[in-house]
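Keep in mind that what you see is a predicted model, and the values were worked out from it rather than measured.
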Amino acid sequence: MTLKECYAAMGGDYDEAMGRLRSEKLVQKFVLKFLSDQSYDLLCASMEAKNYEDAFRAAHTIKGVCQNLSFTTLGKSSSALSEALRGGYTPEADGLAEQVGREYQQTVAAIRAFQEAAGE
(Lines give C-alpha, C1' and ligand atoms only; values in the text may rest on other atoms or scores of the structure.)
Protein backbone atom coordinates (compact mmCIF):
# COMPACT_ATOMS: atom_id res chain seq x y z
CA MET A 1 0.00 0.00 0.00
CA THR A 2 1.32 3.42 -0.91
CA LEU A 3 0.85 6.52 1.20
CA LYS A 4 -1.62 7.81 -1.39
CA GLU A 5 -3.60 4.56 -1.11
CA CYS A 6 -3.50 4.90 2.66
CA TYR A 7 -5.11 8.32 2.38
CA ALA A 8 -7.78 6.94 0.05
CA ALA A 9 -8.54 4.10 2.51
CA MET A 10 -8.98 6.50 5.43
CA GLY A 11 -10.94 9.12 3.52
CA GLY A 12 -8.14 11.67 3.52
CA ASP A 13 -6.80 14.10 0.96
CA TYR A 14 -3.27 13.09 -0.02
CA ASP A 15 -2.79 15.98 -2.46
CA GLU A 16 -3.80 18.53 0.16
CA ALA A 17 -1.39 17.02 2.70
CA MET A 18 1.41 17.11 0.13
CA GLY A 19 0.57 20.71 -0.69
CA ARG A 20 0.79 21.62 2.97
CA LEU A 21 3.90 19.65 3.96
CA ARG A 22 5.60 19.52 0.52
CA SER A 23 7.41 16.24 1.13
CA GLU A 24 6.09 12.68 1.10
CA LYS A 25 8.74 11.76 3.67
CA LEU A 26 7.43 14.46 6.02
CA VAL A 27 3.80 13.47 5.44
CA GLN A 28 4.73 9.83 6.13
CA LYS A 29 6.55 10.82 9.33
CA PHE A 30 3.51 12.62 10.74
CA VAL A 31 1.02 10.02 9.52
CA LEU A 32 2.93 7.29 11.37
CA LYS A 33 3.28 9.52 14.43
CA PHE A 34 -0.53 9.70 14.58
CA LEU A 35 -0.55 6.12 15.87
CA SER A 36 1.17 7.17 19.11
CA ASP A 37 -1.09 10.17 19.79
CA GLN A 38 -3.12 9.62 22.98
CA SER A 39 -5.95 12.07 22.22
CA TYR A 40 -8.41 9.36 21.19
CA ASP A 41 -7.77 7.39 24.39
CA LEU A 42 -8.35 10.59 26.37
CA LEU A 43 -11.56 11.22 24.45
CA CYS A 44 -12.90 7.75 25.24
CA ALA A 45 -11.95 7.90 28.91
CA SER A 46 -13.35 11.42 29.28
CA MET A 47 -16.67 10.56 27.62
CA GLU A 48 -17.01 7.49 29.84
CA ALA A 49 -16.26 9.56 32.96
CA LYS A 50 -18.63 12.31 31.76
CA ASN A 51 -15.72 14.76 31.91
CA TYR A 52 -16.90 16.80 28.95
CA GLU A 53 -14.28 19.52 29.34
CA ASP A 54 -11.47 17.02 28.76
CA ALA A 55 -13.53 15.28 26.06
CA PHE A 56 -13.84 18.62 24.28
CA ARG A 57 -10.09 19.19 24.46
CA ALA A 58 -9.38 15.70 23.12
CA ALA A 59 -11.88 16.06 20.25
CA HIS A 60 -10.45 19.50 19.45
CA THR A 61 -6.92 18.09 19.38
CA ILE A 62 -7.97 15.25 17.08
CA LYS A 63 -9.68 17.79 14.82
CA GLY A 64 -6.54 19.91 14.64
CA VAL A 65 -4.25 16.99 13.85
CA CYS A 66 -6.68 15.80 11.17
CA GLN A 67 -6.81 19.26 9.60
CA ASN A 68 -3.02 19.49 9.53
CA LEU A 69 -2.65 16.02 7.99
CA SER A 70 -5.75 16.26 5.74
CA PHE A 71 -7.50 13.29 7.35
CA THR A 72 -10.78 14.60 5.94
CA THR A 73 -13.33 12.06 7.15
CA LEU A 74 -12.10 11.84 10.75
CA GLY A 75 -11.52 15.59 10.74
CA LYS A 76 -15.16 16.33 9.94
CA SER A 77 -16.58 14.04 12.62
CA SER A 78 -14.11 15.19 15.29
CA SER A 79 -14.91 18.79 14.40
CA ALA A 80 -18.64 18.12 14.82
CA LEU A 81 -17.98 16.41 18.16
CA SER A 82 -15.77 19.26 19.29
CA GLU A 83 -18.52 21.76 18.53
CA ALA A 84 -21.14 19.60 20.27
CA LEU A 85 -18.98 19.56 23.41
CA ARG A 86 -17.80 23.18 23.27
CA GLY A 87 -20.22 24.36 25.95
CA GLY A 88 -20.48 21.06 27.81
CA TYR A 89 -22.55 17.97 27.12
CA THR A 90 -25.21 17.90 24.43
CA PRO A 91 -27.33 14.84 23.57
CA GLU A 92 -25.82 14.59 20.08
CA ALA A 93 -22.32 14.16 21.55
CA ASP A 94 -22.79 10.44 22.23
CA GLY A 95 -23.65 9.60 18.63
CA LEU A 96 -20.86 11.82 17.33
CA ALA A 97 -18.38 10.13 19.68
CA GLU A 98 -19.42 6.76 18.26
CA GLN A 99 -18.92 8.09 14.72
CA VAL A 100 -15.48 9.45 15.65
CA GLY A 101 -14.66 6.02 17.08
CA ARG A 102 -15.57 4.22 13.86
CA GLU A 103 -13.68 6.71 11.71
CA TYR A 104 -10.68 6.69 14.05
CA GLN A 105 -10.50 2.89 13.75
CA GLN A 106 -10.74 3.17 9.95
CA THR A 107 -7.92 5.73 9.93
CA VAL A 108 -5.69 3.66 12.21
CA ALA A 109 -6.34 0.50 10.16
CA ALA A 110 -5.29 2.31 6.96
CA ILE A 111 -2.14 3.68 8.61
CA ARG A 112 -1.20 0.27 10.01
CA ALA A 113 -1.69 -1.34 6.60
CA PHE A 114 0.55 1.33 5.08
CA GLN A 115 3.09 0.88 7.89
CA GLU A 116 3.20 -2.87 7.30
CA ALA A 117 3.52 -2.50 3.52
CA ALA A 118 6.29 0.08 3.95
CA GLY A 119 8.15 -2.09 6.44
CA GLU A 120 8.11 0.66 9.06
Side-chain angles (χ1 to χ4, degrees):
M1 169 182 277
T2 66
L3 188 56
K4 190 170 190 169
E5 291 168 335
C6 173
Y7 265 81
M10 75 170 71
D13 189 330
Y14 173 82
D15 293 330
E16 184 178 289
M18 284 296 296
R20 182 174 292 112
L21 297 175
R22 305 227 181 264
S23 158
E24 183 162 301
K25 188 171 183 167
L26 197 56
V27 172
Q28 178 177 325
K29 173 185 173 183
F30 287 113
V31 165
L32 293 175
K33 195 171 181 124
F34 182 81
L35 296 175
S36 62
D37 183 87
Q38 298 298 307
S39 299
Y40 180 71
D41 294 334
L42 175 61
L43 173 65
C44 293
S46 299
M47 289 296 291
E48 189 173 318
K50 299 184 185 330
N51 180 343
Y52 300 115
E53 189 175 318
D54 283 351
F56 165 76
R57 277 196 291 277
H60 195 268
T61 298
I62 294 167
K63 174 187 85 164
V65 170
C66 289
Q67 286 176 337
N68 288 334
L69 294 175
S70 301
F71 292 177
T72 310
T73 301
L74 180 56
K76 287 179 182 176
S77 62
S78 58
S79 178
L81 178 58
S82 177
E83 288 308 309
L85 293 170
R86 185 171 293 279
Y89 178 77
T90 59
E92 66 183 326
D94 292 321
L96 289 168
E98 289 176 17
Q99 181 180 353
V100 167
R102 287 188 303 274
E103 292 169 358
Y104 177 84
Q105 295 306 324
Q106 177 184 351
T107 300
V108 166
I111 295 169
R112 287 195 174 128
F114 166 71
Q115 184 179 39
E116 185 175 314
E120 292 288 328

Looking only at heavy atoms, which two atoms of [X] and [Y] are closest? And how far apart?
X	Y	value
A110	C6	O-SG, 3.5 Å
L69	R20	N-NH1, 4.4 Å
D41	Q38	OD2-OE1, 2.9 Å
D54	S46	CB-OG, 3.3 Å
S39	A58	O-CB, 3.4 Å
M18	V27	SD-CG2, 3.9 Å

Is the backbone of [Y] close enough, under 3.5 Å, to the side chain of [X] for a donor and an acceptor to pair up by distance?
X	Y	answer
T73	G11	yes
T90	A84	yes
Q106	A9	yes
S82	S78	no
T107	E103	yes
Q28	K25	no

In the structure I gave you, are the side-chain heavy atoms of [X] and [Y] within less than 4.5 Å of one another anywhere?
X	Y	answer
D94	M47	yes
M10	L74	no
D37	K33	no
L43	I62	yes
H60	R86	yes
F114	L32	yes
N51	F56	no

*For atom CD of E16, decide whether the heavy atoms of other residues, nucleotides or ligands shown that lie under 6.0 angstrom number more than 12.*
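Counting neighbours around CD of E16, more than 12 heavy atoms of other residues, nucleotides or ligands fall under 6.0 Å, so yes.
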
*Please check if the distance between the ring centroids of F71 and Y104 is under 6.0 Å.*
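Aromatic pair excluded; centres sit 6.0 Å or further apart.
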
_Check for me, please, whether L42 and V100 land in the same ILVMFWY cluster - side-chain distances under 4.5 Å, paths through other members count._
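No, separate clusters.
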
_Pair R57 + E53: basic N to acidic O under 4.0 Å_ =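 Between E53 and R57 there is a salt bridge, with a charged N closer than 4.0 Å to a carboxylate O.
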
*asked:* Run the ring pair (Phe, Tyr, Trp, His ring centres under 6.0 Å) test against F30 and tell me which residues pass, sequence neighbours left out.
replied: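 Scan of F30 (ring pair (Phe, Tyr, Trp, His ring centres under 6.0 Å), adjacent residues dropped) gives none.
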
*Give, for atom NZ of K29 and atom CD of E24, the distance between the pair rounded to the nearest 0.5 Å.*
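Going from the NZ atom of K29 to the CD atom of E24 covers 15.0 Å.
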
_As an exercise, state the distance from NZ of K4 to CG of D13, rounded to the nearest 0.5 Å._
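One gets 9.5 Å once the value is rounded to the nearest 0.5 Å.
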
_Aromatic ring pairing Y7/Y14, orientation class (parallel under 30°, perpendicular over 60°, tilted between)_ =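 Rings of Y7 and Y14: perpendicular, over 60°.
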
